[in-house]
Amino acid sequence: MLNTVLAHGVGSRGDLPLPFYLFGIGAAVALMATFVSLSFFWHRAWLPAAATGRSLGMAFGRVLDVVAVPARLASLALFVLALASSVSGAEVGSQRFGPLTVYVALWVGMAMVAAVFGDVWRVLNPFETIAGAIEWTAGKLGLPQLEDTDEIPGGYWPAVVALGWFLFFELCYHDGTANSAVGGAMIAYTVGMVGGSAVYGRRWLRQADAFGVLFSLLAKMAPIHRDDTGAVRLRPPLSGLATVAPRIDLLAVLLVVLGGTTFDSLAGSTLWRDLVGTHRGWTATGINTLGMVIVIAVMAALYYLGSLAVGWFTNQTATVVARRFAHSLVPIVLGYTVAHYFSLLVLDGGQNFLRLLSNPFDRGSNWFGTADWAVNFFLVSTDAIAWVQFSAIVIGHIAAVLVAHDRAVETSDASEATWAQRPMLLVMVFYSVVGLWLLQKA
Amino acid sequence: MGTTIEVEVAGGKPVDGVQRYRIDARDSVTIIVVGDTADELHIHGYDLVVGFAPGQPGSITFEANIPGIFEVETHHHGDLVMELQVG
């Protein structure tokens with residue numbers, strides 16, 4: 001059994017270091033230029049109005065509803081397959097299908113899908129399907145149905161806890177990519193999701209499913225969404241972020257993911273490797289957990305300080321400011337996800353997932369004809385990866401500045417808003433420079 | 001042409017600590033491993049394995065044609081021995 005200490009739980013290669021000074025300076029300049037120019041030409045908030053978008057008509061929505069049924073079943077089948085593969089302990093080469101499904105296809109793949117195509121996870125979520133099937137069966141048996149409440153107590157904090165647990169498992173726990181660990185975690189998570197739905201109704205999944213909550217936030221960036229009538233609507237990218245509820249628990253979701261991804265970057269660096277030294281097993285788990293908690297705390301503290309300073313200019317409490325601008329962190333979360341996991345998705349991680357999809361039990365099957373694939377490490381060049389990493393971080397932060405400015409000019413004029421937002425710009429510059437610096441230390 | 005890396009392993013761990021070795025892409029690399037126990041060295045990404053035992057150093061030569069950073073571990077102990085940075 002390989003006790004791998006690789007940065008991202010799964011995957012066998014790390015990205016080459018970025019040339020920091022050039023990129024770091026470029027990022028800082030781009031951010032500040034965006035910030036200053038916004039005060040000149042962006043005078044009123046237009047994202048809230050743009051977020052509704054233009055309807056593509058009901059027919060398109062009905063087609064999607066039909067397509068959703070096989071998609072939902074396929075997703076459930078993939079979930080069962082990944083779980084069964086993990087429980088069976090199958091290993092092809094040194095690759096395992098269950099961990100690849102969870103850490104690559106779900107965590108990285110679905111996050112990117114959500115940001116581009118909207119809240120697809122809401123349809124594909126196997127826990128929705130399982131809970132729905134149980135509800136349907138209970139109805140057939142004449143058992144009392146749960147009333148779906150508007151909101152369960154605890155807000156989105158259950159999702160924050162679930163996210164923390166997931167990130168601990170992926171990035172800190174020394175055996176987090178073992179089949180037994182992933183299989184056990186999948187069973188535990190299923191019990192938590194389906195059990196919670198049995199008590200609180202389906203609303204539980206909207207508030208407790210780590211993936212559901214995060215992906216629905218990322219989906220607010222997408223240029224496509226469905227309204228309450230089920231109609232599919234097109235809207236400018238990012239505009240949906242204006243509809244994110246200004247809540248502390250959603251802010252916590254974003255900061256935990258941001259901190260977790262940043263820690264993953266740090267953990268892949270020679271700095272961290274030297275710190276962990278020869279410690280293995282639970283000692284390594286402890287060091288990594290402490291590291292991740294500290295990184296999350298630092299990211300959160302910086303955001304809070306930024307909010308405090310902005311509040312000082314605008315006569316608001318730090319909490320009010322922190323809530324109001326929480327949605328601007330969503331593009332940064334996506335940017336970091338792309339920067340850190342793009343190569344994993346397109347190279348070894350994604351390709352091994354597709355390869356093992358044909359042969360998840362290592363019994364020589366070749367269901368989809370992909371079993372004999374060898375990982376093509378040349379699908380994208382290292383130069384292309386470096387540019388994707390740099391662009392993702394810079395564009396993510398520029399989008400954040402833009403979205404935050406749009407919110408700020410709701411209540412004050414453009415130059416005043418820009419003036420008051422300066423502390424947040426500093427936080428953004430710091431985040432992006434640290435993000436790029438860590439990629440240089442890779 | 002070519003790079004030769006020599007590493008000494010005691011109890012599955014590198015004696016001189018974990019080092020990162022830089023190699024030009026497409027260069028030829030030879031890794032020689034000396035150890036006090038019987039084990040195997042696993043080169044990730046390249047998926048190469050080289051066995052060694054007390055008094056029997058292991059040696060492997062390959063072309064570094066996959067760019068990126070790769071971990072090299074002892075198979076039985078599961079400890080990081082070194083990193084190869086190709087490119």
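Below, read A as the first sequence line, B as the second, and so on, with proteins coming before strands; counting in each chain starts at 1.
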Minimum heavy-atom separation for [X] to [Y], with atom names?
{"X": "A:Pro17", "Y": "B:Ile69", "value": "CD-CD1, 4.1 Å"}
{"X": "B:Ile66", "Y": "A:Phe378", "value": "CA-CZ, 4.1 Å"}
{"X": "B:Asp47", "Y": "A:Ser94", "value": "OD1-OG, 4.1 Å"}

Can you establish whether the number of heavy atoms outside [X] located under 6.0 Å from its atom [atom1] is more than 12?
{"X": "A:Tyr21", "atom1": "OH", "answer": "no"}
{"X": "A:Trp387", "atom1": "CH2", "answer": "no"}
{"X": "A:Leu22", "atom1": "CG", "answer": "no"}

Exercise. Could you state the interatomic distance from CG (A:Asp274) to CZ (B:Arg20), rounded to the nearest 0.5 Å?
Worked result: 9.5 Å
Exercise. If you measure from CZ on A:Arg273 to CG on B:Leu80, what distance do you get to the nearest 0.5 Å?
Worked result: 6.5 Å
Exercise. Under the criterion side chain to side chain contact (heavy atoms under 4.5 Å, CB included), which of B:Gln85, B:Gln19, B:Glu83 is the partner of A:Thr270?
Worked result: B:Glu83
Exercise. Between B:Pro67, B:Ala25, B:Pro14, which has the largest tally of heavy atom pairs under 4.5 Å with chain A?
Worked result: B:Pro67
